[in-house]
2 protein chains.
Amino acid sequence: MDKRELLLEAATKLFVERGLHATPTSAISKEAGVSAGILFHYFKTKDDLIDKLYVSIKKEYTSYILHDLEKVNSDLGKLRLLWSNSWNWALDNSLKYKFLMQFDNTSASERVKNHPEIIAKYEMFGTLIQEYINKELIKNVDLTFLMASMMGLITSMVTYLTQFPEKRQDQVFIEQAWEMYYNYLKP
Amino acid sequence: MDKRELLLEAATKLFVERGLHATPTSAISKEAGVSAGILFHYFKTKDDLIDKLYVSIKKEYTSYILHDLEKVNSDLGKLRLLWSNSWNWALDNSLKYKFLMQFDNTSASERVKNHPEIIAKYEMFGTLIQEYINKELIKNVDLTFLMASMMGLITSMVTYLTQFPEKRQDQVFIEQAWEMYYNYLKP
DNA sequence: TTCTTAATTGACTAATCACTCAACAAATGT
DNA sequence: ACATTTGTTGAGTGATTAGTCAATTAAGAA
């Protein structure tokens with residue numbers, strides 16, 4: 001398997017488990033089952049690894065949010081899919097999601113937020129949301145706020161469903177979750 | 001001024017600014033304007049400092065949430081104060097709040113979450129919320145979920161109001177914020 | 001005042017850690 | 001086949017850093 005990928009995976013696990021400061025690069029390469037030196041073949045520095053990891057996860061997340069969207073016709077249906085994509089990804093990738101949350105609260109994320117590919121996804125997402133706002137399907141709030149609130153609600157879900165995983169199958173719960181979200185957004 | 005306090009303040013600032021892993025203890029003592037050695041007089045290790053910082057901030061936050069609650073009569077008024085206390089504190093202490101967010105997403109927080117004083121505050125908060133649930137003032141969800149969702153919504157606010165601070169004075173906005181929260185919680 | 005304890009300093013040390021590099025292996029191209 | 005690039009290793013290095021400690025000062029008690 002691709003060693004770069006192995007390294008990123010190992011790093012995600014250890015960073016969330018121990019925190020950035022308590023995870024030496026040697027631990028990462030050990031966890032990944034590769035030599036210590038190879039890490040610096042794929043990543044210039046430790047900070048570079050961290051930045052690349054952030055970008056890669058953020059890209060995966062933002063891509064998944066828009067996933068299968070064209071298969072739905074109605075606007076409300078699209079919005080609902082947007083939302084469920086978002087929290088399904090978070091639940092299926094809780095480690096990665098936790099890393100995002102952790103890193104987003106550091107100024108270090110400023111270094112990296114302006115990455116072109118992420119900006120592109122945001123813009124796509126942004127025009128879509130703007131369309132919904134124009135159609136008065138949702139409240140007129142700025143995109144940052146909307147993303148942040150989505151993340152906020154999803155974080156609650158992830159926390160909750162990590163504790164009670166069986167609830168995730170519950171159709172009533174899913175419906176409630178959606179209502180909660182939409183209540184929050186509708187004009 | 002108390003040097004222990006100075007150290008904790010400096011640490012908060014630097015941790016949020018640079019992240020835990022990029023903040024040496026020497027930088028903390030320098031920022032605090034004290035000698036390098038004194039840090040280890042007040043804190044056994046760097047991790048001990050981090051843990052103590054977390055507990056101290058969490059204590060301050062949970063205390064402030066319950067602040068002035070006895071001055072309000074109606075249940076709904078109390079709930080509203082609970083909420084506004086919570087986000088006012090977060091906005092007035094955004095550095096501390098960001099540190100909490102950052103650290104809560106690390107397993108390191110497990111070491112420290114069971115601190116008796118924090119648990120005590122949670123219990124107080126918990127019985128209060130249980131009362132509201134019994135009175136059917138709010139939905140019957142578990143406390144973890146409720147706290148998490150509150151944090152989630154507040155995080156959105158903090159993100160938003162950091163960008164547009166002038167909105168904070170806006171009465172309409174405050175009213176909307178409350179409605180959003182209550183919509184989310186009412187049965 | 002004198003004695004005892006606590007606070008404070010900063011040079012020092014032992015350990016850790018990010019990162020290098022020379023050597024080798026594998027793949028790729030010609 | 002040979003040459004060239006690319007991937008991989010792990011021991012080694014220099015810098016950084018967490019944490020110590022002997023010495024000094026300040027505070028409190030008697």
- Message: At 4.0 Å (heavy atoms only), tell me whether B:Tyr42 reaches a base, stays on the sugar-phosphate, or touches nothing.
- Response: sugar-phosphate

- Message: Is the ring pair B:Tyr61/B:Tyr97 parallel, tilted or perpendicular, if the boundaries are 30 and 60 degrees?
- Response: perpendicular

- Item | Residue list, side-chain hydrogen bond (donor to acceptor under 3.5 Å, both in side chains) with A:Lys167, at least two apart or on another chain | none

- Query: In this structure, are over 12 heavy atoms from other groups packed under 6.0 Å from B:Lys13 atom NZ?
  - Reply: no

- Task: Taking only heavy atoms on the protein side, list every residue of residues 10-18 of chain B lying under 4.0 Å from any atom of DNA chain C, sorted numerically.
- Result: none

- Query: Any luck finding a side-chain donor-acceptor pair between B:Tyr64 and B:Asn93 under 3.5 Å?
  - Reply: no

- Counting only N and O atoms by type, is there a donor-acceptor contact under 3.5 Å from the side chain of B:Asn85 to the main-chain atoms of B:His67? yes

- Query: Between which nucleotides of DNA chain D, read 5' to 3', does contact with chain A run, using atoms under 4.0 Å from its heavy atoms?
  - Reply: D:dG7 to D:dG10

- Item | Rounded distance in Å - CG (B:Leu7) to P (C:dA7) | 13 Å

- Looking at B:Glu131 and B:Lys135, does any basic side-chain N land under 4.0 Å from a carboxylate oxygen? yes

- Quick one: CD on B:Glu70 to NZ on B:Lys78, what's the gap to the nearest 0.5 Å? 8.5 Å

- Message: Once you apply a heavy-atom cut-off of 4.0 Å, does B:Lys3 come out as touching a base, just sugar-phosphate, or nothing?
- Response: sugar-phosphate

